[in-house]
Amino acid sequence: MAYMTDGEDPATTIDYNVFPQFNGSSYFHPYCLITNWNNYTDAQWCQTGDNYTALPDLYTEHTAVQDILMDWSKSVISNYSVDGLRIDAAKSLTPSFLPTYAETVGGFMTGEVMDSNATNVCKYQRDYLPSLPNYPLYYSMITAFLNGEPATLLEEIATINDLCTDTFAMVNFIEDQDVDRWAYMNDDIMLAKTALTFMMLYDGIPLVYQGLEQAIAYSNRAALWLTDFDTNATLYKHIAKLNAIRKHAINLDSSYINSKTYPIYQGGSELAFWKGTYGRQVIMVLSTAGSNGSAYTLTLPMSYGASEVVTEVLNCVNYTVNTYSQLVVDMDKGEPRVFFPAAMMPGSGLCGYNTSNVTYSELRLAAVGSSSSGGSHSVIPSASASLFMALVAFLAFRI
């Protein structure tokens with residue numbers, strides 16, 4: 001609820017009769033201003049806002065208020081075919097009301113508890129809500145990628161995995177309406193691409209806040225239409241590639257989405273992660289060096305099978321794993337790398353391949369007896385591969 005006080009004292013100025021469904025002060029907590037967001041009692045009983053725009057705080061302890069909120073939410077979901085809800089400022093609601101709300105309203109919902117402490121956030125998942133925006137992970141990404149301390153990200157991942165009951169239901173993000181734009185904190189496009197790569201491919205539900213794909217820096221609530229919806233923007237195209245390989249990996253492996261991501265390498269400025277079943281796993285290599293990073297090679301001691309050909313999907317370059325099962329990766333300018341088995345690329349919509357509902361079994365059959373040359377080279381689908389994809393597109397079951 002919002003009420004314009006134009007500089008007057010909210011404690012005495014608010015006319016509660018203007019709120020159609022909550023037309024009386026009895027629906028609201030007595031006025032007090034939140035002074036310490038780390039004090040959860042303070043956050044739940046007092047209100048945000050200021051002397052110009054007051055935000056009266058509902059008595060969510062009261063069943064009358066709860067019933068109105070739940071009935072209204074169900075009607076909105078029904079009338080507008082809403083897929084899911086984000087509960088803003090769930091931290092400010094009566095905790096015991098949250099599971100009642102979630103069960104009664106139904107459907108997917110995630111609730112905002114803005115706190116860097118995984119102990120507090122994961123307690124909410126255990127006790128109150130199935131999903132929350134992963135603020136502890138967000139703050140650790142800032143430390144890792146913008147402050148150049150990648151080890152902190154691994155430490156936070158371990159903590160979250162230990163404390164949260166379902167990391168796959170948590171929402172990953174690097175921007176939202178309450179935090180600074182990533183480009184405002186640092187305008188290095190490579191660091192943004194690195195953070196986005198992790199956000200999109202790590203365990204959980206990736207959330208792209210509007211304007212992130214346009215690298216908006218000046219306001220976390222800027223109007224998106226001012227960007228002309230540029231589909232050639234660097235981050236827009238980067239997100240599209242990440243979304244395509246994520247979708248393709250899910251299509252080939254029904255267990256992919258619930259497969260734990262494991263760190264497989266840590267260097268002075270690099271991290272590498274593995275997600276998925278062996279033979280169709282996605283491996284991402286991340287660097288905190290940024291655009292000023294130099295060119296060098298990085299050897300991953302574990303990745304794919306010896307002599308297997310894999311595609312770096314962001315640049316469409318093939319690599320051959322050496323006979324020691326090591327993947328020697330060309331790094332330059334801090335650019336992230338994302339790998340996937342080359343034999344599994346048809347149907348991905350990436351690197352010259354069409355998008356199709358090809359299955360893992362079909363790709364495995366097509367790969368039998370095939371061989372590839374060593375080293376790294378650009379990916380150009382062969383005529384036989386194109387023919388195979390056409391056959392797959394014809395035979396594949398379509399929903």
Side-chain angles (χ1 to χ4, degrees), residues 37-41 43-44 60-61 66 69-70 73 77 82-144 151-174 176 178-179 198-209 246 249-250 253-264 271 273-277 281-282 284:
W37 278 101
N38 292 321
N39 183 323
Y40 276 59
T41 301
Q44 289 158 16
T60 52
E61 299 89 343
Q66 294 178 3
L69 289 173
M70 291 187 293
S73 298
I77 290 173
V82 174
D83 293 320
L85 297 176
R86 175 187 179 277
I87 305 174
D88 191 47
K91 180 179 181 178
S92 295
L93 301 179
T94 303
S96 60
F97 171 51
L98 292 171
T100 302
Y101 178 85
E103 182 178 354
T104 303
V105 174
F108 172 80
M109 59 184 66
T110 187
E112 180 193 33
V113 176
M114 191 175 183
D115 194 327
S116 63
N117 191 322
T119 299
N120 296 332
V121 173
C122 293
K123 174 179 171 56
Y124 264 77
Q125 188 181 46
R126 288 195 309 273
D127 298 342
Y128 307 124
L129 286 170
S131 170
L132 296 93
N134 202 333
Y135 275 99
L137 192 67
Y138 162 74
Y139 286 111
S140 66
M141 281 192 279
I142 292 177
T143 304
T152 61
L153 182 59
L154 297 184
E155 294 169 1
E156 193 63 36
I157 287 172
T159 300
I160 294 169
N161 284 341
D162 183 53
L163 296 176
C164 282
T165 56
D166 186 2
T167 56
F168 304 112
M170 300 293 277
V171 176
N172 301 333
F173 65 98
I174 63 170
D176 70 17
D178 289 326
V179 299
F198 180 76
M199 183 200 90
M200 291 289 294
L201 299 181
Y202 184 65
D203 303 341
I205 303 169
L207 182 151
V208 179
Y209 180 63
R246 182 178 185 268
I250 294 169
D253 181 4
S254 60
S255 67
Y256 177 84
I257 203 72
N258 290 320
S259 298
K260 276 287 185 185
T261 298
Y262 294 100
I264 58 173
L271 294 172
F273 297 90
W274 165 319
K275 184 176 178 67
T277 304
Q281 72 268 35
V282 174
M284 56 176 156

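Values below: all heavy atoms of this structure, side chains included; hydrogens, waters and symmetry mates excluded.
- Under the salt bridge (charged side-chain N to carboxylate O under 4.0 Å, His left out) criterion, Lys91 pairs with no residue at all, not counting sequence neighbours.
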Criterion side chain to side chain contact (heavy atoms under 4.5 Å, CB included) on Leu154 and Leu271, from CA distance to verdict: CA-CA 9 Å; Leu154 297 184; Leu271 294 172; 3.7 Å; yes
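- Rounding to the nearest 0.5 angstrom, the gap separating the OG1 atom in Thr60 from the CD atom in Gln66 is 7.0 Å.
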Test side chain to side chain contact (heavy atoms under 4.5 Å, CB included) applied to Thr94 and Gln44, step by step: CA-CA 6 Å; Thr94 303; Gln44 289 158 16; 6.0 Å; no
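- When atom types are taken as modelled, the side chain of Ser131 and the backbone of Ala169 share a donor-acceptor pair closer than 3.5 angstrom.
- Across Ala118 and Thr159, no two heavy atoms sit closer than the pair CB-CG2, 3.9 Å.
- Tyr135 pairs in a side-chain hydrogen bond (donor to acceptor under 3.5 Å, both in side chains) with only one of the listed residues (Asn120, Asp176, Asn117, Asp178), which is Asp176.
- Between the Gln281 side chain and the Trp274 main chain, no donor and acceptor come within less than 3.5 Å of each other.
- Results of the ring pair (Phe, Tyr, Trp, His ring centres under 6.0 Å) test with Tyr138 over Phe198, Phe173, Tyr209 single out Phe173 as the only residue that passes.
- Both the sub-6.0 Å distance and the 45° axial angle are satisfied by Lys275 relative to the ring of Tyr256.
- In this structure, Glu61 CD and Leu93 CG are separated by 9.5 Å, a value rounded to the nearest 0.5 Å.
- One finds the CG atom of Asp203 at 8.5 Å from the CD1 atom of Ile157 (value rounded to the nearest 0.5 Å).
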Criterion side chain to side chain contact (heavy atoms under 4.5 Å, CB included) on Cys122 and Thr165, from CA distance to verdict: CA-CA 7 Å; Cys122 293; Thr165 56; over 6 Å; no
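- In this pair, Phe273 and Tyr202 present their aromatic rings perpendicular. The plane angle is above 60°, beyond the 30 to 60° band.
- Nearest approach of Val113 to Ala90, heavy atoms of both residues: CG2-CB, 4.4 Å.
- Here CE of Met170 is found 6.5 Å from CD1 of Ile160. Values are rounded to the nearest 0.5 Å.
- Residues Leu69 and Ser73 share a closest heavy-atom pair of O-OG, 2.8 Å.
- Met70 is listed as a side-chain neighbour of Thr100, based on a closest heavy-atom distance under 4.5 Å.
- When atom types are taken as modelled, the side chain of Ser140 and the backbone of Leu153 share no donor-acceptor pair closer than 3.5 angstrom.
- Atom CD of Glu112 sits about 8.5 Å away from atom OG of Ser92, to the nearest 0.5 Å.
- To the nearest 0.5 Å, the span separating CG on Asp83 from CE on Met109 amounts to 12.5 Å.
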